[in-house]
Structures are given as structure tokens and as C-alpha cells.
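The first residue of the sequence shown is numbered 1, and numbering continues consecutively from there. Both counts, for ligands and for their atoms, begin at 1 and track the order of listing.
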Amino acid sequence: MKTVLIKGARPYGEGDPVDVLVEDGVITDIGALDTPEDAEVIEAGGQVLLPGFVDLHTHLREPGREDTETIATGSAAAALGGYTAVFAMANTDPVADNAVIVDHVWRRGQEAGLVDVHPVGAVTVGLKGEKLAELGTMAKSEARVKVFSDDGLCVADPLLMRRALEYSTALGVVIAQHAEEPRLTVGAQAHEGEQAARLGYTGWPASAEESIVARDCLLAEHANARLHVCHVSTAGTADILKWAKERGTKVSAEVTPHHLLLTDERLATYDPVNKVNPPLRTGSDAEKLRAALAEGVIDCVATDHAPHAVQDKDCEWSSARPGMLGLQTALSIVVETMVRTGLLDWRGVARVMSERPAEIGNLSDHGRPIEVGEPANLTLVDPDTEWTVRGAELASIAANTPYEGMRLPGVVTATLLRGRITAREGKIAS
Ligand code: NCD
Ligand code: ZN
Ligand code: ZN
């Protein structure tokens with residue numbers, strides 16, 4: 001296997017630049033190093049070296065909607081965004097609720113070879129919320145499913161959720177909940193607040209999220225199970241998480257880049273590119289989410305990358321599908337909202353983008369320290385350069401980015417998966 005020498009990088013953005021030698025997929029030396037004859041050299045020029053990012057929440061639309069994203073195109077977007085592992089949600093068509101589908105997704109990811117694609121298994125058969133799927137069979141299949149979720153829909157029945165949590169402990173897996181009490185969001189189009197009222201949209205109240213998060217924290221605590229909360233969007237949820245964690249509940253949570261940056265002020269544009277579930281909330285929610293992420297009350301950033309076809313987005317608000325692209329812009333939004341504001345340093349970025357998601361997703365070979373003997377899953381970041389987002393230029397098939405035309409800081413200049421360069425200077429390495 002190839003030898004790669006990363007020359008002059010600053011691990012975690014700290015200290016003087018060092019050279020990092022990678023052989024056979026492993027970091028074998030760090031210091032002032034000579035260049036081995038056969039080595040491929042990456043001139044890092046003092047850029048920030050981080051452990052490869054891990055996304056706990058990605059929608060790759062294969063099988064079923066390959067017109068919007070495939071495992072291959074989503075993997076390319078992920079590698080370009082600095083990711084070395086992603087968890088692909090189960091709301092495909094057919095649903096990933098059995099070993100055949102999850103193994104198929106896992107193998108397609110390995111064939112693409114750009115990031116490890118870990119399939120998320122559905123909690124209930126067909127995401128119908130009626131009957132538990134065969135979690136054990138999926139956990140023991142070739143894909144070794146580690147995270148289960150009905151994402152897109154909430155496991156609303158408390159008895160089913162309780163059973164799922166009980167099984168998950170026995171299997172050593174985690175249930176990730178899309179917290180949305182469906183009775184409170186019938187016909188909901190946007191965050192229930194001033195903006196929605198002014199524009200005449202049916203409101204999606206904060207309480208629909210918070211009531212499920214509170215309930216699930218209690219269910220998890222009583223079952224002594226682990227719970228992961230998807231895409232936290234309200235200040236109230238952050239308070240509940242803090243309370244639960246202080247009580248010793250084994251709960252973890254993620255926030256999306258868009259909920260850190262964007263607010264329901266965006267509704268005034270009437271552009272459905274801003275329609276997402278949960279909806280964009282208020283400025284004070286976003287502020288609170290940033291603080292909760294910095295504090296560790298929210299554990300990590302997950303993209304909820306949700307590609308949609310033009311015809312499903314470029315239409316009337318009420319008929320548009322919710323969701324936005326995220327893989328190639330996540331790092332930049334985190335730099336903008338968390339690093340430039342002084343809320344996180346690069347150690348903190350490594351924690352929320354790589355280490356914590358790897359731990360929550362039970363990955364032993366990602367989110368590891370940048371040390372000799374560790375797997376070379378690495379991301380090199382130019383922290384100062386800005387770039388302009390163009391949906392059409394992103395690797396995804398769909399182009400529904402809410403950041404179109406925005407200038408953002410932070411460029412991923414190289415990604416390495418087990419010592420192999422997967423992305424370099426904005427291009428997929430072949
Ligand atoms: C997701 C999708 O498109 O699959 N949409 C979204 O708005 N986030 C589903 C989900 O994450 O709930
Ligand atoms: Zn969801
Ligand atoms: Zn999702």
C-alpha cells in the first residue's frame with residue numbers, strides 16, 4: 001500500500017507544524033521527517049489536521065431515489081466534506097428494515113470506497129410505527145448495524161419505543177429518535193411563531209419535539225438504555241437534555257449545521273429550499289444550540305444531508321419536501337458559527353465532528369487520536385480560506401443547498417480513509 005507524507009500540518013490546530021507519516025493505513029511517525037522515496041507528499045503549509053469526520057445522520061437515497069443521490073455520489077460529497085464515515089438513514093425505498101437491504105447498502109459503500117457507509121436500520125417494519133423490525137438480525141448481519149432509527153418519522157408509540165430501547169441494550173446498539181409528536185404537527189409547515197403566523201403557515205410547535213425528548217429520556221432512564229436524539233432544534237430540548245444528563249441518563253444528541261446558522265427569518269423568502277424537518281427555529285434557539293454544543297449538552301454535529309429533486313423543492317412551499325444538503329458545507333458552517341465566534345477551538349471541532357459521533361455510533365476505528373499506531377482516517381483543513389457555495393458544483397446529484405452563493409470560511413483540502421487519499425483540493429482522488 002502507498003505511503004503518504006503529510007508535510008507541515010498542525011494536528012488540532014495546535015503547536016508548530018509537524019510531518020505525519022502514513023504507511024499501510026496507519027500513522028507510523030510524527031515529527032520532523034525525511035520524505036521516503038515512494039511517498040506521496042501532501043504539502044500542508046501549516047493547515048489544521050483533524051481526525052476524519054463522522055456523520056451520524058445522512059440520507060443517501062439509494063435504493064429508491066437514485067435520481068437525487070446514490071451511495072457513490074453521496075460518498076463523494078462526504079469525502080469532499082472531510083468525512084471518513086457516514087451513517088445512512090433507513091428511509092429509503094425499500095426501507096432498510098432487514099438484513100438484505102442493510103447489507104446491500106454496506107457493500108455498495110465499500111465498492112464506492114470513499115467513506116465507510118454504515119447503514120442505519122429501521123426501528124419498525126416499513127417505518128410504519130406498528131411492529132418492531134428484526135433489530136437483532138440486522139445487528140448481526142454483515143453490515144453490523146449499530147444505530148437504528150425511523151428517521152423521517154418518529155417512533156411515537158411509547159410502548160414500541162420502550163421495547164426498542166430494551167432490545168437495544170441487549171444488542172449493544174443505539175436508538176436514534178426523530179423527536180416529533182405527530183399529533184402536534186399535523187399539516188405543520190414551519191416553526192410555530194411570529195414568522196409562520198405572518199405568512200399563514202401551519203405551525204410546528206417546539207413542544208412537539210420537546211415532549212418526545214422528555215418522554216424518551218425517561219423511557220431510556222428506566223430501561224437503563226442509550227438514547228440518541230436526532231437534529232435537536234429548540235432551546236427547550238437543550239434544557240431537557242441538560243436535566244437528563246445531570247440525572248445520569250445515557251442520552252446523546254446531535255445538532256445540524258443549518259439549525260446552528262439559519263433561522264425562521266428565512267421564511268420571508270418563500271423559498272422551499274429553507275423547508276426542513278424539524279423547521280428552522282428562532283435566533284434565540286440557534287444561539288442556545290450553539291452554547292449547548294460548546295458545553296457538551298449537545299454531543300455532536302450531524303448533517304441530516306437530505307437531497308431532493310428539483311420538482312420536489314422548486315414548487316409551492318406546502319407541497320415541497322423538507323430537507324437540505326449538508327455534507328460539503330458542514331465544516332464551513334461549524335467554522336462560521338462555532339470557531340469564528342470563539343465557542344470552539346479545533347480540539348472542540350474534532351470532538352463534535354469526529355470523536356463523539358464515532359463513540360455514539362460504536363465505531364472503533366474512526367474518531368481516534370492523531371497518534372502513532374492509530375488508523376489514518378484524517379482530514380486536512382485550510383481554516384482561513386473562504387469559498388462560495390454553488391449547488392450545481394457540489395458532488396451530490398441534487399442541488400438543494402440553502403447556502404447558495406454564500407461565502408463561507410474553511411476549506412477541506414485533503415481527506416484520507418485508512419491512509420488512502422479520497423479527496424484532494426476539492427476533487428475526488430482516483
Ligand atoms: C429528511 C429526509 O428528507 O429524508 N428530511 C428532513 O427535512 N430532515 C427526513 C428527516 O430527517 O426527518
Ligand atoms: Zn428526522
Ligand atoms: Zn434525517
Side-chain angles (χ1 to χ4, degrees), residues 55-70 74 77-78 86-96 105 118-124 126-127 129 147-156 161 175-182 185 188-191 204 208-209 212-213 216 227-234 237 253-260 262 264 266-267 271-281 300-313 315 317-327 329-330 357 361 396-402:
D55 190 11
L56 276 175
H57 192 147
T58 307
H59 297 271
L60 306 180
R61 304 296 193 192
E62 183 178 349
R65 285 306 300 265
E66 291 87 346
D67 59 316
T68 63
E69 194 79 294
T70 66
V86 301
F87 286 77
M89 280 296 174
N91 65 338
T92 48
D93 185 11
V95 171
V105 170
H118 290 280
V120 173
V123 176
T124 68
L127 306 179
V147 178
F148 290 88
S149 181
D150 272 6
D151 182 56
L153 296 165
C154 182
V155 181
M161 187 60 183
I175 307 290
Q177 176 72 295
H178 166 118
E180 174 184 354
E181 168 47 62
T185 59
Q189 293 293 333
H191 170 65
W204 198 130
E209 174 172 307
I212 293 291
V213 174
D216 286 356
L227 165 73
H228 180 72
V229 181
C230 295
H231 41 51
V232 172
S233 70
T234 78
T237 295
E254 67 189 35
V255 62
T256 69
H258 47 271
H259 288 110
L260 290 173
L262 307 176
D264 66 348
R266 278 268 184 137
L267 300 189
D271 185 344
V273 79
N274 298 304
K275 184 172 174 180
V276 67
N277 192 3
L280 300 179
R281 304 287 187 185
C300 64
V301 172
T303 65
D304 197 6
H305 178 82
H308 285 296
V310 175
Q311 67 269 26
D312 294 323
K313 273 309 221 182
C315 52
W317 182 282
S318 60
S319 36
R321 300 250 172 106
M324 34 183 71
L325 298 186
L327 285 166
T329 45
S396 290
I397 297 172
N400 54 305
T401 175

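Proximity of L127 to N91: side-chain heavy atoms (C-beta onward) are separated by under 4.5 Å at one or more points. Within the 4.5 Å cutoff, the side chain of H228 has heavy atoms near those of the L56 side chain.
The closest donor-acceptor contact from the side chain of T401 to the backbone of G326 lies at 3.5 Å or more, if one exists at all. At distances below 3.5 Å, at least one donor-acceptor pair connects side-chain atoms of H259 with backbone N or O atoms of P278. Using modelled atom types, one side-chain atom of K313 and one backbone atom of P272 make a donor-acceptor pair closer than 3.5 Å.
Shown are the protein N/O/S atoms under 2.8 Å from the Zn ion (ligand 3), given by residue and atom: H57 NE2, H59 NE2, D151 OD2, D304 OD1.
Between E209 and H231, the closest heavy-atom pair is OE1-O, 4.0 Å. Here the closest non-hydrogen pair linking R266 and P402 is NH1-O, 2.8 Å. Minimum heavy-atom separation, C154 to E180: CB-O, 3.1 Å.
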At less than 3.5 Å, what protein N or O atoms come close to the N or O atoms of ligand 1? Include the distances to 0.1 Å.
{"residue": "ligand 1", "atom": "3 (O)", "partner": "R61", "partner atom": "NH2", "Å": "2.7"}
{"residue": "ligand 1", "atom": "3 (O)", "partner": "H308", "partner atom": "NE2", "Å": "3.0"}
{"residue": "ligand 1", "atom": "3 (O)", "partner": "P322", "partner atom": "O", "Å": "3.3"}
{"residue": "ligand 1", "atom": "4 (O)", "partner": "H59", "partner atom": "ND1", "Å": "3.3"}
{"residue": "ligand 1", "atom": "4 (O)", "partner": "R61", "partner atom": "NH1", "Å": "3.0"}
{"residue": "ligand 1", "atom": "4 (O)", "partner": "R61", "partner atom": "NH2", "Å": "3.4"}
{"residue": "ligand 1", "atom": "4 (O)", "partner": "N91", "partner atom": "ND2", "Å": "2.9"}
{"residue": "ligand 1", "atom": "5 (N)", "partner": "P322", "partner atom": "O", "Å": "3.2"}
{"residue": "ligand 1", "atom": "7 (O)", "partner": "N277", "partner atom": "N", "Å": "2.8"}
{"residue": "ligand 1", "atom": "7 (O)", "partner": "P322", "partner atom": "O", "Å": "3.2"}
{"residue": "ligand 1", "atom": "7 (O)", "partner": "G323", "partner atom": "N", "Å": "3.1"}
{"residue": "ligand 1", "atom": "8 (N)", "partner": "N277", "partner atom": "O", "Å": "2.9"}
{"residue": "ligand 1", "atom": "8 (N)", "partner": "D304", "partner atom": "OD2", "Å": "2.7"}
{"residue": "ligand 1", "atom": "11 (O)", "partner": "H59", "partner atom": "NE2", "Å": "3.3"}
{"residue": "ligand 1", "atom": "11 (O)", "partner": "D151", "partner atom": "OD1", "Å": "3.3"}
{"residue": "ligand 1", "atom": "11 (O)", "partner": "D151", "partner atom": "OD2", "Å": "2.8"}
{"residue": "ligand 1", "atom": "11 (O)", "partner": "D304", "partner atom": "OD1", "Å": "3.0"}
{"residue": "ligand 1", "atom": "11 (O)", "partner": "D304", "partner atom": "OD2", "Å": "3.2"}
{"residue": "ligand 1", "atom": "12 (O)", "partner": "D151", "partner atom": "OD1", "Å": "3.4"}
{"residue": "ligand 1", "atom": "12 (O)", "partner": "G152", "partner atom": "N", "Å": "3.4"}
{"residue": "ligand 1", "atom": "12 (O)", "partner": "H178", "partner atom": "ND1", "Å": "3.0"}

Could you go through N277 and H178, starting from their C-alpha distance and side-chain angles, then the distance that decides it, and tell me whether this counts as side chain to side chain contact (heavy atoms under 4.5 Å, CB included)? CA-CA 9 Å; N277 192 3; H178 166 118; 3.5 Å; yes
